[in-house]
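Note that the coordinates shown come from a computational prediction; the quantities given were computed from them, not determined experimentally.
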Amino acid sequence: EKICIRLIGDKKTLIDEPWIEKVNWIADNEVHQLNQLDIGVMPLPADEWSKGKCGFKAIQYMSLEIPSVVSPVGVNTEIVQHGINGFLARSEEEWYKLLSMLIESKELRIKLGKAARKTIIARYSLQSQIPLLVDKLKALVT
C-alpha cells in the first residue's frame with residue numbers, strides 16, 4: 001500500500017518532493033481536508049516560540065479521531081497522553097518507530113483516535129467548559 005504525505009498549508013512552501021502532496025489550506029474546507037488524513041503529525045522544534053504554541057493542531061486532529069504523533073513541546077505534553085490518546089516523539093528514531101506503528105496497524109489508529117476524541121470532549125469541548133465559565137461568572141457577581 002502506498003503512503004502519501006499530505007502537507008496542508010501554503011503550496012508555495014520550499015519543500016518540493018514528488019512524494020509530498022501539497023494542499024492549500026482553505027478555512028472553509030479545513031475539516032474536510034483534515035478528515036482525509038489517517039495520521040496527524042505536529043513536529044515542532046524545542047525552542048521558546050514553539051513552547052508558546054497552543055497545541056491547536058493536536059486538538060484538531062484529536063477532535064476528528066485522527067491518531068497523532070506530536071513533539072513533546074509546550075502544552076502538547078498536557079494534551080497528549082503518550083500511548084493512550086496519541087504519541088509524543090522525542091527523537092528522529094521515535095518519530096520513525098511511532099509513525100511506523102500507526103501505519104502498520106489500523107486497529108491502533110482506531111484505538112488512539114477514539115481515545116483522543118474522548119479527551120477532547122472531556123477537556124476541551126464547549127460542553128466541558130460551560131461549568132467553568134458559569135463558576136467564573138458567578139464569582140464576578142457575588
Side-chain angles (χ1 to χ4, degrees), residues 1-140:
E1 196 170 323
K2 184 180 172 185
I3 295 171
C4 174
I5 306 292
R6 180 171 290 152
L7 180 62
I8 301 171
D10 184 353
K11 280 182 112 173
K12 294 180 261 180
T13 180
L14 297 177
I15 298 173
D16 192 23
E17 297 289 340
W19 46 271
I20 294 180
E21 177 187 349
K22 293 189 270 185
V23 177
N24 265 341
W25 176 84
I26 301 169
D28 292 345
N29 75 350
E30 180 177 28
V31 172
H32 173 74
Q33 291 172 344
L34 292 174
N35 270 323
Q36 312 267 326
L37 305 177
D38 293 314
I39 301 167
V41 296
M42 186 181 177
L44 293 170
D47 59 21
E48 290 305 310
W49 182 81
S50 295
K51 289 177 187 175
K53 290 183 68 78
C54 73
F56 185 63
K57 187 57 59 189
I59 290 171
Q60 284 183 302
Y61 293 145
M62 294 170 72
S63 70
L64 296 169
E65 291 189 17
I66 301 169
S68 52
V69 182
V70 304
S71 296
V73 175
V75 75
N76 283 355
T77 59
E78 296 172 30
I79 298 168
V80 176
Q81 298 166 289
H82 184 73
I84 297 171
N85 63 6
F87 287 126
L88 298 166
R90 291 172 171 75
S91 66
E92 187 174 327
E93 293 79 22
E94 284 187 0
W95 276 97
Y96 181 81
K97 175 187 166 198
L98 297 169
L99 287 170
S100 294
M101 287 170 48
L102 287 171
I103 289 166
E104 294 171 11
S105 176
K106 183 176 184 174
E107 293 79 21
L108 180 59
R109 291 193 306 269
I110 291 169
K111 177 185 167 192
L112 291 180
K114 288 189 180 306
R117 173 115 174 115
K118 285 181 183 177
T119 298
I120 298 306
I121 290 169
R123 294 177 51 201
Y124 299 98
S125 68
L126 179 60
Q127 294 81 4
S128 72
Q129 297 303 304
I130 287 174
L132 299 171
L133 177 60
V134 169
D135 287 345
K136 297 292 183 188
L137 292 173
K138 281 182 184 176
L140 289 173

Stepwise side chain to side chain contact (heavy atoms under 4.5 Å, CB included) test for V80 and M62: CA-CA 9 Å; V80 176; M62 294 170 72; 4.1 Å; yes
Trace of the side chain to side chain contact (heavy atoms under 4.5 Å, CB included) decision for L34 with V31: CA-CA 5 Å; L34 292 174; V31 172; 5.7 Å; no
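Formation of a donor-acceptor pair under 3.5 Å by the Y61 side chain with backbone atoms of V41 is found in this model. Side chain of S50 to main chain of P45: a donor-acceptor pair is present (N/O by atom type, distance under 3.5 Å, no hydrogens or angles). With S125 contributing its side chain and A122 its backbone, the two residues share no donor-acceptor pair below 3.5 Å.
To the nearest 0.5 Å, atom CH2 of residue W19 and atom CD1 of residue I3 are 11.0 Å apart. With rounding to the nearest 0.5 Å, the separation of CD1 in I79 from NZ in K57 is 12.5 Å. Annotation: the span from N35 atom CG to L64 atom CG amounts to 5.0 Å, rounded to 0.5 Å. Rounding to the nearest 0.5 angstrom, the gap separating the CG atom in N76 from the CE atom in M42 is 4.5 Å. Between the CZ atom in R90 and the CG atom in L98 there is a gap of 10.0 Å [rounded to 0.5 Å]. The CD1 atom of I103 sits 11.5 Å away from the CG atom of L108 when rounded to the nearest 0.5 Å.
Using a 4.0 Å cut-off between charged nitrogen and carboxylate oxygen, E94 and K97 do not count as a salt-bridge pair.
For residues 73-120, the pairs satisfying ring-ring contact (aromatic ring centres under 6.0 Å, His included) are H82-F87, with sequence neighbours left out. Applying the salt bridge (Lys or Arg N to Asp or Glu O under 4.0 Å) test to every pair with at least one member in residues 75-85, sequence neighbours left out, gives no pairs at all. Sorted pairs that involve residues 33-43 and meet salt bridge (Lys or Arg N to Asp or Glu O under 4.0 Å), not counting sequence neighbours, are lacking altogether. Sorted by first and then second residue, the salt bridge (Lys or Arg N to Asp or Glu O under 4.0 Å) pairs involving residues 103-120 (not counting sequence neighbours) are E65-K114.
Legend: residues meeting side chain to side chain contact (heavy atoms under 4.5 Å, CB included) with F56, ordered by chain and number and at least two apart, are C54, Q60.
When all heavy atoms are compared, the tightest approach of L44 to V73 is O-CG2, 3.9 Å. Counting all heavy atoms, side chain and backbone alike, A46 lies closest to K51 at O-CE, 4.1 Å. The two residues P72 and A89 have their closest heavy-atom pair at CD-O, 3.0 Å. For the residue pair N24 and Q33, the shortest heavy atom distance occurs at O-NE2, 2.8 Å.
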Donor-acceptor pairs under 3.5 angstrom involving side-chain atoms of residues 129-139: please list them, not counting sequence neighbours.
from, atom 1, to, atom 2, distance (Å)
Q129, NE2, R123, O, 2.9

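In this structure, E17 places its CD atom where more than 12 heavy-atom neighbours from other residues, nucleotides or ligands lie under 6.0 Å away.
Contact of the L102 side chain with the L112 side chain is registered, since non-hydrogen atoms from C-beta on lie closer than 4.5 Å. With a 4.5 Å cut-off on side-chain heavy atoms, V70 and L88 count as touching.
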